[in-house]
Amino acid sequence: MGSEFVRSSKLLSPFDQKKGAMLEELARPTPDNSPKGSLDAPLVPLVGMINLHPNYCTTSSCSGRVSVFLNMGSEGDRTKKGQGGGWLYCSHELARPEDVEAAVAPEKLARGGQVTLLFEPFILSLECRTLDDATLLNAAAQEAGFRESGLTSVTKRMMVSVRSYALRMEVPIAMDGKLLIDLPYLRTLVSMANDKFKKNSARIDRFYDLFALRFPIPAALSSPVSDGAVLERQDTTITSTDSPSTFHLPDGTVELASDQSPCSTSAEQKSNGGGGTANKEDQWVLIVEQSKAKACKDALKDLLWLDFRHKPSSENNKIAFPITANAAKTLNSFLQNSDGDEPAPDANPDEPTDAPNSKTLISVNKRRKFARSQRAGRASALAATTVGEIPQCLRLAMSAYPHVLINLAAAPAGAQDGQLQLQQNNHKLSPAELLLAAVREMLTDSSLEEALSLQTRTFADDLLAEVPEKWERLGTAVLLPEQSFTSAFWELPEVGHLLWPRVAAVLKTETVAKQSEISPNGIRESQAKILWGGSGFVTQLENGVSYSFDITKCMFSSGNGTEKARMASLDCLGETVVDLYCGIGYYTLPILVKAGAKHVYACDWNPEALKAIRYNLVANNVADRCTVLEGDNRELAPKWVADRVLLGLIPTSEPGWPVALMALKPEGGMLHVHANVASNEIEPFKLAIVTRFQVMANDLLRNWTVELKHAERVKWYSPHIRHYVFDISCTPRARAPPPPPP
């Protein structure tokens, strides 16, 4: 490829020249410049698929790793191995505790310095052909969970970094040759790192799926084949129905949902048959039992056999996976050459390979084959998977069910018009896309330009950048984010008269409001502004609980829904509860309506919130079991009565900590303490909060043992800051036994 690239480079764009050089570098058998020296195996399918796309090229990557690092340099130079540091342990797979323990054995620590246990999550750097390409890719990365992704260069090169610092973990474990923690705690840290590793892998899988779905490889790089209408061991009847992509099996019907990529062009849609009819040559589905679906999907993904233009569907405990024509060709060969014998009795249907250690071999071999094909620009090499390479899980799936491989585009006898067509719906625009289209249409309307005496279309792109992609729906109202529609242009009467009715129509809402900064007056009042519609009074239903409030005066966070549901799931039967920051009843109502609390004392000093909670108590038929206390909880909260105390105030509820302890019964109880904590400070915070409550309990002469029972992650409050709830128990200490008689 090298000489061909040199000869043709003058004919390529700068992006294509850089991509060609990068792919040539990847193809070399010699180690690359990374510390590991090669591409991480878990990333080979993703990197290969991205590099096969004409508008993207990867430049560097790491799949994520658990490591133990020795730092001999000065503070802040943790990663500078030139200072005498280096890895004592590094794994791109789940870490084994015994291996980490071996890495911090006394002889390994004899050099001194600081030793840190780290989990470093996935990171991927890419160059994109255009700014639009970079923006679309960044949106997909953030949707997959890599929230800190962003465009790192938009001048000479369009660079995107896909990353997520939220999963990062960094804990000092040894200093100057001595462990700072014991081995059981070290194993706990390794387990925590492995949990982060699993979440990291799940996000990589989501990104893989989103990229395959939204950035389809051009049809010119595929090699469609068609080897028959139905590949099966027995007769199967396929009939056309009114619903799209439907086929019948002897025991039911499965409908394959189409998912046209939003990136598809009109030319691509026309090439798929026009009017929504898909290409008839690669409409294949593989049908497997539901119990085998997970292993089969993983195998199909590893082999690059999933057709991401359609979504899997299920019916009667069967899953229909859309697959490529190349996959159908290979599986057809297996079916034709198979004698139909059942698998061996000791075969494990959930094991995706033929032997315990063959999963990696098959996966790596296939990934190498894919990498070679994309580097040489020969996507047809993907068809080179042989029958012998088919993983065991797929073999078992095809042996267990007689009707396994179906071409939906075939023409079975008796079909209407002599042919069966897979109807592919045109892409249905998301609400965000519909909103953007509506605003764009308004900005290019000549009547608006005449009214303003402005050529609005000349600066439409800058204005469209302020159209939000997300918003909060509260009852019959939509609350737009504070950062949306920020320019003074939107405040012009001529613009608002046209804009806000369109927004309301697109979002199908009666009221459009915009969030504003929370009031700094100490009672956290909402300052949302109504842009369209009438009253801001709404009713929101969550988990069977009704919340009514005025969005212009009271706060409501849908992001706390999981915590409201958790409070509702508690067993509070017969308990007395004190809610020190009740608001409109965020947690008071679930505790009463669902958890069965005997009585709740609800404290707050926001008059608008108190109006709302009194209304909500009546609306949910629990007013007789709640006492509302208006004013400062430090003066009004009851003492020594509570089995449980709620401290639902962020960013911190610290002023209410002593009040909460005094509200508990003499025999103690449970505290639910809300706080915002930096993601890299959670472990020290856990220790600090328990210590603080223990000291305060001792000061109150309460002979209690204070323990942290659970730390619940609620939501991200801001970058690197997470909203937590700490469940803290206060229980009487066991009395010392009396001394033995003399």
Starting at [atom1] of [X], measure out to [atom2] of [Y] and round the result to the nearest 0.5 Å.
| X | Y | atom1 | atom2 | answer |
| --- | --- | --- | --- | --- |
| I613 | E608 | CD1 | CD | 14.0 Å |
| I50 | F215 | CD1 | CZ | 9.0 Å |
| I123 | S61 | CD1 | OG | 9.5 Å |
| W532 | L507 | CH2 | CG | 13.5 Å |
| K514 | I551 | NZ | CD1 | 14.0 Å |
| S718 | N676 | OG | CG | 7.0 Å |

[X]: ring pair (Phe, Tyr, Trp, His ring centres under 6.0 Å) partners, not counting sequence neighbours:
| X | result |
| --- | --- |
| Y586 | none |
| F556 | Y547, F549 |
| W490 | F485 |
| H672 | none |

Discussion item. Taking the ring of F15 and the ring of Y56, is the distance between their centroids below 6.0 Å?
Written reply: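 They do not qualify: ring centres at least 6.0 Å apart.
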Is it the case that the side chain of [X] and the backbone of [Y] share a donor-acceptor pair, with hydrogens and angles ignored and the cut-off at 3.5 Å?
| X | Y | result |
| --- | --- | --- |
| N55 | R129 | no |
| T509 | T476 | yes |
| R713 | Y724 | no |
| Q540 | G475 | yes |
| N620 | V622 | no |
| S557 | G559 | yes |
| K19 | N51 | yes |
| Q142 | S149 | yes |
| N200 | P121 | no |
| T135 | L131 | yes |

Worksheet entry | Residue pairs involving residues 136-148 (criterion salt bridge (Lys or Arg N to Asp or Glu O under 4.0 Å); sequence neighbours excluded) |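 Only E143-R214 qualify under salt bridge (Lys or Arg N to Asp or Glu O under 4.0 Å).
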Worksheet item: With sequence neighbours left out, which residue pairs that include part of residues 528-546 fulfil the salt bridge (Lys or Arg N to Asp or Glu O under 4.0 Å) condition?
Response: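 The answer is E542-K564.
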Worksheet item: After noting the C-alpha distance and the side-chain angles of V162 and L126, does the key distance pass the side-chain contact (heavy atoms from CB on, under 4.5 Å) rule?
Response: CA-CA 8 Å; V162 180; L126 307 95; 3.7 Å; yes
Worksheet item: side-chain contact (heavy atoms from CB on, under 4.5 Å) between Q515 and Q483: does it pass, once the steps are laid out?
Response: CA-CA 9 Å; Q515 185 60 276; Q483 299 77 15; over 6 Å; no
Item to complete: Would you check, one step at a time, whether the test side-chain contact (heavy atoms from CB on, under 4.5 Å) holds for S548 with F537?
Response: CA-CA 7 Å; S548 296; F537 188 82; 3.5 Å; yes
Practice prompt. Considering non-hydrogen atoms only, spot the tightest contact between S546 and L589 and give its length.
Written response: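 Taking S546 first and L589 second, the nearest heavy atoms are O-CD1, 3.8 Å.
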Practice prompt. Check the surroundings of atom CD in E712: do more than 12 heavy atoms from other residues, nucleotides or ligands lie under 6.0 Å from it?
Written response: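 More than 12 heavy atoms, drawn from other residues, nucleotides or ligands, come within 6.0 Å of this atom.
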Item to complete: List the steps and the verdict of ring-ring contact (aromatic ring centres under 6.0 Å, His included) for Y165 and F146.
Response: CA-CA 8 Å; Y165 297 130; F146 298 107; over 10 Å; no
Practice prompt. Evaluate the salt bridge (charged side-chain N to carboxylate O under 4.0 Å, His left out) criterion for residues E433 and R440: first the C-alpha distance (whole Å), next the side-chain angles of each, then the deciding distance (0.1 Å), finally the verdict.
Written response: CA-CA 10 Å; E433 291 169 324; R440 181 187 290 112; over 6 Å; no
Worksheet item: What do the steps show when you test D550 against T552 for side chain to side chain donor-acceptor pair (under 3.5 Å), and what is the final call?
Response: CA-CA 5 Å; D550 188 334; T552 66; 2.7 Å; yes
Item to complete: For residues L647 and E654, determine if any side-chain heavy atom of one lies less than 4.5 Å from a side-chain heavy atom of the other.
Response: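 No, too far: nothing below the 4.5 Å cut-off.
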Worksheet item: Is there a side-chain contact (heavy atoms from CB on, under 4.5 Å) between H723 and N560 once you walk through the steps?
Response: CA-CA 9 Å; H723 175 185; N560 296 344; 3.6 Å; yes
Fill in: Short side-chain donor-acceptor distance under 3.5 Å, T588 and D579
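A donor-acceptor contact under 3.5 Å links the two side chains.
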